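Heads up: the structure comes next, in C-alpha coordinates.
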There are 2 protein chains.
Amino acid sequence: MIFTKSTKYAIRAIIFIAERCEAKENCSIRDISGTLEIPFHFLTKILQKLTEAGILISAKGTHGGVRLNREPEDILLKEIVHAVDSEYSTEECILGFPQCDEKNPCALHYMWQEPRRYIERIIGETTLNDILKNNEIHKL
Amino acid sequence: MIFTKSTKYAIRAIIFIAERCEAKENCSIRDISGTLEIPFHFLTKILQKLTEAGILISAKGTHGGVRLNREPEDILLKEIVHAVDSEYSTEECILGFPQCDEKNPCALHYMWQEPRRYIERIIGETTLNDILKNNEIHKL
DNA sequence: CGGATAAAAGACTCTTTTATCTGATTGAAA
DNA sequence: TTTCAATCAGATAAAAGAGTCTTTTATCCG
Ligand code: SF4
Ligand code: SF4
(Lines give C-alpha, C1' and ligand atoms only; values in the text may rest on other atoms or scores of the structure.)
(Ligands and ions follow the chains in the order given, each with its own letter.)
Protein backbone atom coordinates (compact mmCIF):
# COMPACT_ATOMS: atom_id res chain seq x y z
CA MET A 1 0.00 0.00 0.00
CA ILE A 2 2.66 2.48 0.96
CA PHE A 3 5.79 0.36 1.00
CA THR A 4 7.02 -1.99 -1.67
CA LYS A 5 7.38 -5.65 -0.82
CA SER A 6 11.15 -5.28 -0.66
CA THR A 7 10.83 -2.47 1.83
CA LYS A 8 8.44 -4.43 4.02
CA TYR A 9 10.81 -7.39 3.98
CA ALA A 10 13.69 -5.10 4.88
CA ILE A 11 11.92 -3.66 7.89
CA ARG A 12 10.76 -7.06 9.09
CA ALA A 13 14.24 -8.47 8.68
CA ILE A 14 15.86 -5.64 10.58
CA ILE A 15 13.41 -5.99 13.43
CA PHE A 16 14.20 -9.68 13.54
CA ILE A 17 17.94 -9.03 13.53
CA ALA A 18 17.66 -6.46 16.28
CA GLU A 19 15.49 -8.65 18.48
CA ARG A 20 16.96 -12.07 17.92
CA CYS A 21 20.67 -11.48 17.58
CA GLU A 22 22.93 -10.30 20.34
CA ALA A 23 25.16 -7.36 19.53
CA LYS A 24 28.27 -9.36 18.68
CA GLU A 25 26.51 -12.33 17.15
CA ASN A 26 25.64 -12.81 13.51
CA CYS A 27 22.22 -13.65 12.16
CA SER A 28 22.30 -16.16 9.35
CA ILE A 29 20.31 -14.95 6.35
CA ARG A 30 19.05 -18.48 5.93
CA ASP A 31 17.51 -18.32 9.39
CA ILE A 32 15.90 -14.97 8.81
CA SER A 33 14.54 -16.18 5.52
CA GLY A 34 13.18 -19.34 7.11
CA THR A 35 11.59 -17.72 10.12
CA LEU A 36 10.08 -14.76 8.33
CA GLU A 37 9.17 -16.75 5.24
CA ILE A 38 10.96 -14.40 2.91
CA PRO A 39 12.44 -15.90 -0.28
CA PHE A 40 16.10 -16.48 0.50
CA HIS A 41 17.79 -14.97 -2.51
CA PHE A 42 15.47 -12.07 -2.62
CA LEU A 43 16.31 -11.38 0.98
CA THR A 44 20.05 -11.57 0.37
CA LYS A 45 19.75 -8.82 -2.20
CA ILE A 46 17.78 -6.65 0.17
CA LEU A 47 20.21 -7.21 3.01
CA GLN A 48 23.12 -6.47 0.72
CA LYS A 49 21.66 -3.06 0.11
CA LEU A 50 21.28 -2.50 3.81
CA THR A 51 24.88 -3.54 4.27
CA GLU A 52 26.04 -1.16 1.54
CA ALA A 53 24.09 1.56 3.29
CA GLY A 54 26.02 0.92 6.47
CA ILE A 55 22.98 -0.19 8.42
CA LEU A 56 24.08 -3.79 8.67
CA ILE A 57 27.47 -5.39 8.70
CA SER A 58 28.02 -8.82 7.22
CA ALA A 59 30.47 -11.66 7.66
CA LYS A 60 31.13 -14.62 5.40
CA GLY A 61 32.06 -18.13 6.35
CA THR A 62 31.22 -20.25 9.33
CA HIS A 63 29.22 -18.37 11.93
CA GLY A 64 28.91 -15.67 9.34
CA GLY A 65 25.81 -13.66 8.83
CA VAL A 66 24.60 -10.21 9.34
CA ARG A 67 24.11 -7.88 12.29
CA LEU A 68 23.37 -4.27 13.09
CA ASN A 69 26.18 -1.87 12.41
CA ARG A 70 24.77 0.79 14.73
CA GLU A 71 22.59 1.16 17.75
CA PRO A 72 18.85 0.88 17.05
CA GLU A 73 18.33 4.46 18.18
CA ASP A 74 20.70 5.62 15.45
CA ILE A 75 18.87 3.87 12.64
CA LEU A 76 16.09 5.89 11.07
CA LEU A 77 13.26 4.22 9.22
CA LYS A 78 14.05 6.66 6.45
CA GLU A 79 17.46 5.09 5.94
CA ILE A 80 16.01 1.62 5.63
CA VAL A 81 13.41 2.76 3.14
CA HIS A 82 15.91 4.64 1.01
CA ALA A 83 18.53 1.93 1.15
CA VAL A 84 16.09 -0.52 -0.40
CA ASP A 85 14.14 1.79 -2.66
CA SER A 86 16.26 4.79 -3.49
CA GLU A 87 13.48 6.33 -5.57
CA TYR A 88 11.07 6.46 -2.66
CA SER A 89 9.41 9.82 -2.25
CA THR A 90 6.29 11.28 -0.71
CA GLU A 91 6.55 14.40 -2.84
CA GLU A 92 4.86 13.04 -5.91
CA CYS A 93 1.52 14.27 -7.17
CA ILE A 94 -1.25 12.00 -6.01
CA LEU A 95 -2.65 12.03 -9.55
CA GLY A 96 0.67 11.25 -11.17
CA PHE A 97 1.45 14.58 -12.75
CA PRO A 98 5.15 15.17 -13.17
CA GLN A 99 5.57 18.23 -11.00
CA CYS A 100 3.29 19.24 -8.20
CA ASP A 101 2.04 22.78 -8.55
CA GLU A 102 1.93 24.27 -5.07
CA LYS A 103 0.70 27.58 -6.45
CA ASN A 104 -2.68 26.49 -7.70
CA PRO A 105 -3.38 23.18 -6.13
CA CYS A 106 -6.36 20.95 -6.78
CA ALA A 107 -8.61 19.77 -3.97
CA LEU A 108 -6.88 16.42 -3.71
CA HIS A 109 -3.53 18.12 -3.43
CA TYR A 110 -4.85 20.03 -0.50
CA MET A 111 -6.44 17.03 1.20
CA TRP A 112 -3.36 14.95 0.70
CA GLN A 113 -1.17 17.37 2.65
CA GLU A 114 -2.14 16.08 6.09
CA PRO A 115 -1.63 12.34 5.58
CA ARG A 116 1.51 13.07 3.60
CA ARG A 117 2.94 15.05 6.46
CA TYR A 118 2.16 12.22 8.86
CA ILE A 119 3.83 9.73 6.63
CA GLU A 120 6.87 11.94 6.21
CA ARG A 121 7.11 12.25 9.94
CA ILE A 122 6.80 8.52 10.50
CA ILE A 123 9.47 7.73 7.99
CA GLY A 124 11.71 10.65 8.81
CA GLU A 125 11.65 10.53 12.59
CA THR A 126 10.99 6.95 13.63
CA THR A 127 14.08 5.04 14.70
CA LEU A 128 14.49 1.31 14.84
CA ASN A 129 14.47 1.69 18.58
CA ASP A 130 11.01 3.26 18.52
CA ILE A 131 9.76 0.26 16.62
CA LEU A 132 11.39 -2.22 18.96
CA LYS A 133 9.98 -0.61 22.08
CA ASN A 134 6.51 -1.78 21.21
CA ASN A 135 7.54 -5.36 21.70
CA GLU A 136 6.74 -8.57 19.88
CA ILE A 137 5.56 -8.40 16.37
CA HIS A 138 3.37 -11.28 15.45
CA LYS A 139 4.96 -14.06 13.51
CA LEU A 140 8.36 -13.12 14.85
CA MET B 1 2.62 6.23 -4.13
CA ILE B 2 -0.87 5.59 -2.89
CA PHE B 3 -2.81 5.04 -6.10
CA THR B 4 -1.94 2.74 -8.95
CA LYS B 5 -1.33 4.27 -12.35
CA SER B 6 -4.72 3.01 -13.55
CA THR B 7 -6.44 4.71 -10.65
CA LYS B 8 -4.65 7.97 -11.29
CA TYR B 9 -5.63 7.80 -14.96
CA ALA B 10 -9.21 7.09 -13.95
CA ILE B 11 -9.45 10.10 -11.69
CA ARG B 12 -7.81 12.39 -14.23
CA ALA B 13 -10.11 11.14 -16.96
CA ILE B 14 -13.23 11.63 -14.87
CA ILE B 15 -12.21 15.16 -13.97
CA PHE B 16 -11.68 15.84 -17.66
CA ILE B 17 -15.05 14.37 -18.57
CA ALA B 18 -16.82 16.37 -15.90
CA GLU B 19 -15.17 19.63 -16.83
CA ARG B 20 -15.05 19.38 -20.59
CA CYS B 21 -18.24 17.66 -21.58
CA GLU B 22 -21.70 19.08 -21.26
CA ALA B 23 -24.24 16.87 -19.53
CA LYS B 24 -25.82 15.43 -22.65
CA GLU B 25 -22.70 15.36 -24.76
CA ASN B 26 -20.30 12.48 -25.13
CA CYS B 27 -16.56 12.68 -24.61
CA SER B 28 -14.59 10.70 -27.15
CA ILE B 29 -12.08 8.40 -25.50
CA ARG B 30 -9.63 9.28 -28.25
CA ASP B 31 -9.84 12.92 -27.19
CA ILE B 32 -9.37 12.18 -23.53
CA SER B 33 -6.44 9.95 -24.34
CA GLY B 34 -4.89 12.62 -26.56
CA THR B 35 -5.34 15.52 -24.19
CA LEU B 36 -4.33 13.75 -21.02
CA GLU B 37 -1.59 11.73 -22.70
CA ILE B 38 -2.95 8.45 -21.46
CA PRO B 39 -2.37 5.38 -23.67
CA PHE B 40 -5.58 4.96 -25.63
CA HIS B 41 -6.27 1.26 -25.18
CA PHE B 42 -5.22 1.28 -21.61
CA LEU B 43 -7.68 4.09 -21.04
CA THR B 44 -10.53 2.29 -22.77
CA LYS B 45 -10.14 -0.57 -20.34
CA ILE B 46 -10.21 1.76 -17.38
CA LEU B 47 -13.24 3.61 -18.68
CA GLN B 48 -15.02 0.34 -19.36
CA LYS B 49 -14.68 -0.51 -15.71
CA LEU B 50 -16.07 2.85 -14.74
CA THR B 51 -18.96 2.25 -17.09
CA GLU B 52 -19.62 -1.18 -15.62
CA ALA B 53 -19.61 0.45 -12.21
CA GLY B 54 -22.34 2.81 -13.34
CA ILE B 55 -20.20 5.89 -12.94
CA LEU B 56 -20.00 6.57 -16.64
CA ILE B 57 -22.32 5.79 -19.45
CA SER B 58 -21.00 5.00 -22.89
CA ALA B 59 -22.32 5.17 -26.42
CA LYS B 60 -20.97 3.53 -29.52
CA GLY B 61 -20.99 4.81 -33.04
CA THR B 62 -20.68 8.30 -34.47
CA HIS B 63 -20.68 10.97 -31.78
CA GLY B 64 -20.34 8.14 -29.36
CA GLY B 65 -18.19 8.36 -26.31
CA VAL B 66 -18.53 8.49 -22.65
CA ARG B 67 -20.13 10.80 -20.09
CA LEU B 68 -21.07 10.95 -16.44
CA ASN B 69 -23.98 8.79 -15.45
CA ARG B 70 -24.66 10.77 -12.27
CA GLU B 71 -24.18 14.20 -10.83
CA PRO B 72 -20.63 14.91 -9.62
CA GLU B 73 -21.88 15.29 -6.06
CA ASP B 74 -23.13 11.71 -6.18
CA ILE B 75 -19.83 10.21 -7.25
CA LEU B 76 -17.53 9.28 -4.40
CA LEU B 77 -13.80 8.99 -4.94
CA LYS B 78 -14.15 5.62 -3.26
CA GLU B 79 -16.29 4.35 -6.11
CA ILE B 80 -13.77 5.39 -8.71
CA VAL B 81 -10.94 3.76 -6.83
CA HIS B 82 -12.80 0.51 -6.30
CA ALA B 83 -14.16 0.36 -9.82
CA VAL B 84 -10.63 0.40 -11.19
CA ASP B 85 -8.84 -1.53 -8.49
CA SER B 86 -11.30 -3.75 -6.69
CA GLU B 87 -8.61 -5.02 -4.35
CA TYR B 88 -7.83 -1.59 -2.99
CA SER B 89 -7.75 -1.43 0.75
CA THR B 90 -6.26 0.70 3.49
CA GLU B 91 -6.67 -2.08 6.03
CA GLU B 92 -3.54 -3.97 5.20
CA CYS B 93 -0.62 -4.27 7.56
CA ILE B 94 2.04 -1.73 6.70
CA LEU B 95 4.64 -4.50 7.02
CA GLY B 96 2.75 -6.90 4.80
CA PHE B 97 1.61 -9.41 7.39
CA PRO B 98 -1.58 -11.18 6.40
CA GLN B 99 -3.87 -10.10 9.19
CA CYS B 100 -3.45 -7.01 11.27
CA ASP B 101 -3.44 -7.73 14.99
CA GLU B 102 -5.26 -4.89 16.69
CA LYS B 103 -4.79 -6.51 20.10
CA ASN B 104 -1.05 -6.26 20.34
CA PRO B 105 0.04 -3.81 17.72
CA CYS B 106 3.59 -2.87 16.85
CA ALA B 107 4.74 0.73 16.95
CA LEU B 108 4.34 1.21 13.25
CA HIS B 109 0.82 -0.07 13.42
CA TYR B 110 0.09 2.57 15.95
CA MET B 111 1.79 5.37 14.04
CA TRP B 112 0.10 4.36 10.86
CA GLN B 113 -3.38 4.83 12.33
CA GLU B 114 -3.50 8.59 11.85
CA PRO B 115 -2.47 8.85 8.20
CA ARG B 116 -4.57 5.80 7.42
CA ARG B 117 -7.62 7.45 8.90
CA TYR B 118 -6.98 10.57 6.85
CA ILE B 119 -6.64 8.56 3.70
CA GLU B 120 -9.80 6.62 4.44
CA ARG B 121 -11.63 9.85 4.94
CA ILE B 122 -10.33 11.37 1.72
CA ILE B 123 -11.29 8.34 -0.31
CA GLY B 124 -14.52 7.64 1.49
CA GLU B 125 -15.97 11.11 1.73
CA THR B 126 -14.64 13.13 -1.17
CA THR B 127 -17.03 13.47 -4.08
CA LEU B 128 -16.17 14.34 -7.64
CA ASN B 129 -17.83 17.66 -6.98
CA ASP B 130 -15.41 18.42 -4.14
CA ILE B 131 -12.56 17.83 -6.51
CA LEU B 132 -14.05 19.99 -9.24
CA LYS B 133 -14.68 22.92 -6.94
CA ASN B 134 -11.00 23.62 -6.61
CA ASN B 135 -10.75 24.70 -10.21
CA GLU B 136 -8.31 24.00 -12.99
CA ILE B 137 -5.98 21.14 -12.68
CA HIS B 138 -2.77 21.76 -14.50
CA LYS B 139 -2.34 20.10 -17.84
CA LEU B 140 -6.09 19.90 -18.28
C1' DC C 1 -33.69 0.89 -46.65
C1' DG C 2 -28.53 -0.19 -47.19
C1' DG C 3 -23.93 0.59 -47.16
C1' DA C 4 -20.04 3.62 -45.33
C1' DT C 5 -18.16 5.26 -41.33
C1' DA C 6 -17.18 6.43 -36.49
C1' DA C 7 -16.26 5.00 -32.06
C1' DA C 8 -16.52 1.75 -28.11
C1' DA C 9 -15.72 -3.13 -26.79
C1' DG C 10 -13.03 -7.08 -26.81
C1' DA C 11 -9.20 -10.35 -27.73
C1' DC C 12 -4.29 -10.78 -28.00
C1' DT C 13 0.45 -9.71 -27.83
C1' DC C 14 4.47 -7.17 -26.17
C1' DT C 15 7.29 -4.52 -22.71
C1' DT C 16 8.66 -3.08 -18.25
C1' DT C 17 8.94 -3.57 -13.60
C1' DT C 18 8.88 -6.23 -9.54
C1' DA C 19 9.48 -10.42 -7.41
C1' DT C 20 11.46 -15.09 -7.23
C1' DC C 21 14.54 -18.93 -8.26
C1' DT C 22 19.09 -21.50 -9.83
C1' DG C 23 23.64 -21.88 -9.69
C1' DA C 24 28.37 -20.51 -9.37
C1' DT C 25 32.01 -17.70 -6.69
C1' DT C 26 34.38 -15.86 -2.77
C1' DG C 27 36.08 -15.68 1.75
C1' DA C 28 36.31 -16.87 6.62
C1' DA C 29 36.65 -20.27 10.10
C1' DA C 30 37.74 -24.78 11.84
C1' DT D 1 41.50 -28.12 2.66
C1' DT D 2 36.91 -28.77 3.72
C1' DT D 3 32.82 -26.57 4.92
C1' DC D 4 29.72 -23.03 5.83
C1' DA D 5 27.55 -18.88 4.60
C1' DA D 6 27.52 -14.50 2.20
C1' DT D 7 28.12 -12.58 -2.54
C1' DC D 8 27.42 -12.19 -7.28
C1' DA D 9 25.50 -13.16 -11.97
C1' DG D 10 21.71 -14.57 -14.50
C1' DA D 11 17.35 -16.77 -15.69
C1' DT D 12 12.50 -17.15 -14.84
C1' DA D 13 7.77 -15.83 -13.22
C1' DA D 14 4.14 -12.65 -12.20
C1' DA D 15 2.00 -8.30 -12.43
C1' DA D 16 1.29 -3.83 -14.31
C1' DG D 17 1.28 -1.11 -18.17
C1' DA D 18 1.10 -0.26 -23.22
C1' DG D 19 0.31 -1.51 -28.15
C1' DT D 20 -2.04 -4.02 -32.34
C1' DC D 21 -5.88 -5.61 -34.50
C1' DT D 22 -10.71 -7.35 -34.85
C1' DT D 23 -15.62 -7.10 -33.65
C1' DT D 24 -19.76 -4.83 -32.46
C1' DT D 25 -23.02 -1.15 -32.50
C1' DA D 26 -24.69 3.27 -33.53
C1' DT D 27 -25.15 7.16 -36.68
C1' DC D 28 -24.91 9.25 -41.18
C1' DC D 29 -25.69 9.80 -45.97
C1' DG D 30 -27.34 8.38 -50.20
S1 SF4 E 1 -2.41 20.31 -7.53
FE2 SF4 E 1 -3.38 18.24 -7.60
S3 SF4 E 1 -3.02 17.52 -9.68
FE4 SF4 E 1 -1.62 19.25 -9.34
S5 SF4 E 1 0.30 18.36 -8.68
FE6 SF4 E 1 -0.85 18.83 -6.80
S7 SF4 E 1 -2.01 16.94 -6.37
FE8 SF4 E 1 -1.30 16.79 -8.46
S1 SF4 F 1 0.78 -4.73 14.58
FE2 SF4 F 1 2.31 -3.97 13.11
S3 SF4 F 1 3.11 -5.80 12.12
FE4 SF4 F 1 1.21 -6.40 13.17
S5 SF4 F 1 -0.38 -6.22 11.62
FE6 SF4 F 1 -0.34 -4.25 12.69
S7 SF4 F 1 1.12 -3.01 11.48
FE8 SF4 F 1 1.40 -5.12 10.86
Side-chain angles (χ1 to χ4, degrees), chain A residues 1-13 17 21 24-53 55-69 81 83-88 92 95-96, chain B residues 1-13 17 21 24-69 81 83-88 95-96:
Chain A
M1 162 43 164
I2 186 164
F3 290 138
T4 173
K5 216 160 182 178
S6 298
T7 306
K8 290 170 182 168
Y9 285 161
I11 299 171
R12 287 162 59 175
I17 293 165
C21 303
K24 284 281 149 51
E25 205 181 302
N26 285 322
C27 255
S28 123
I29 299 184
R30 195 120 242 157
D31 279 0
I32 306 173
S33 158
T35 311
L36 301 186
E37 291 171 5
I38 300 172
F40 176 73
H41 283 88
F42 192 30
L43 181 59
T44 63
K45 276 178 196 154
I46 295 169
L47 296 187
Q48 269 167 47
K49 288 185 186 169
L50 294 174
T51 304
E52 284 162 23
I55 297 167
L56 298 179
I57 182 166
S58 74
K60 287 184 173 181
T62 318
H63 304 140
V66 96
R67 63 180 191 277
L68 294 184
N69 191 30
V81 171
V84 170
D85 179 8
S86 57
E87 306 284 281
Y88 188 88
E92 299 148 7
L95 294 186
Chain B
M1 165 38 164
I2 186 163
F3 290 138
T4 173
K5 216 159 181 178
S6 298
T7 306
K8 289 170 182 169
Y9 285 161
I11 300 171
R12 285 162 60 175
I17 293 165
C21 303
K24 285 279 147 52
E25 205 181 303
N26 285 323
C27 255
S28 126
I29 300 184
R30 186 71 65 181
D31 278 0
I32 306 172
S33 157
T35 311
L36 301 186
E37 292 172 6
I38 300 172
F40 176 73
H41 283 90
F42 193 27
L43 181 59
T44 63
K45 274 177 204 157
I46 295 169
L47 296 187
Q48 270 167 47
K49 287 186 186 169
L50 295 174
T51 304
E52 284 163 21
I55 297 167
L56 299 179
I57 183 167
S58 74
K60 289 183 172 183
T62 319
H63 303 140
V66 97
R67 61 179 191 278
L68 294 185
N69 190 32
V81 172
V84 170
D85 178 9
S86 57
E87 305 285 282
Y88 188 88
L95 294 185

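Every chain is numbered from 1, with letters handed out A, B, ... down the list of sequences. Since the model is a prediction, treat every value here as computed from it, not as a measurement.
When the side-chain nitrogen and oxygen atoms of B/Thr44 are compared with OP1 and OP2 of C/dG10, none of them lie within a distance under 4.0 Å. Distances shown here put a side-chain N or O of A/Thr4 below 4.0 Å from the OP1 or OP2 atom of C/dA19. Note on A/Ser28: every side-chain N or O is 4.0 Å or more away from OP1 and OP2 of D/dC4.
In this structure, A/Leu43 atom CG and C/dT20 atom P are separated by 11 Å, rounded to whole Å. Following rounding to the nearest Å, A/Ile57 (CD1) and D/dT7 (C1') show an atom-to-atom distance of 16 Å. Rounded to whole Å, atom P of C/dT18 lies 9 Å from atom CD of A/Glu87. Rounding to whole angstrom units, CD1 of residue A/Ile38 and P of D/dA6 are separated by 14 Å. Between B/Tyr9 atom OH and D/dA16 atom C1' the separation is 11 Å, expressed in whole Å. Atom C1' of nucleotide D/dA6 and atom CG of A/Leu56 are separated by 13 Å, given to the nearest angstrom. Between the CD1 atom of B/Ile17 and the P atom of C/dA7 there is a distance of 15 Å, given to the nearest Å. Summarising the geometry, the separation between CZ on A/Arg12 and P on C/dA19 is reported as 13 Å, rounded to the nearest angstrom.
Side chain of A/His63, nearest nucleotide from C/dA19, D/dA18, C/dA29: C/dA29.
Note that CZ of A/Arg67 and CD1 of A/Ile17 are 11.5 Å apart. Values are rounded to the nearest 0.5 Å.
With hydrogens and angles disregarded, a donor-acceptor distance shorter than 3.5 Å links the side chain of A/Asn26 to the backbone of A/His63. A/Thr4 places no side-chain N or O within donor-acceptor distance of the main-chain N or O of A/Thr7, the cut-off being under 3.5 Å.
Between A/Leu68 and A/Leu56 the shortest side-chain heavy-atom distance falls below 4.5 Å.
Checked by distance alone, B/Lys49 brings no side-chain donor or acceptor within 3.5 Å of a matching partner on the base of C/dG10. Scanning atom types as modelled, no donor and acceptor separated by under 3.5 angstrom connect the side chain of B/His41 and the base of C/dC12. The base of D/dG10 lies close enough to the side chain of A/Lys45 for a donor and an acceptor atom to sit less than 3.5 Å apart.
Ring orientation note: the planes of A/Tyr88 and A/Phe3 are tilted relative to one another, at an angle of 30° to 60°.
Mapping A/Lys60 and B/Arg30 onto DNA chain C by nearest heavy atom places B/Arg30 closer to the 5' end of the strand. With DNA chain D read from its 5' end, the first of the two nearest nucleotides for B/Thr62 and A/Gln48 is the one closest to A/Gln48.
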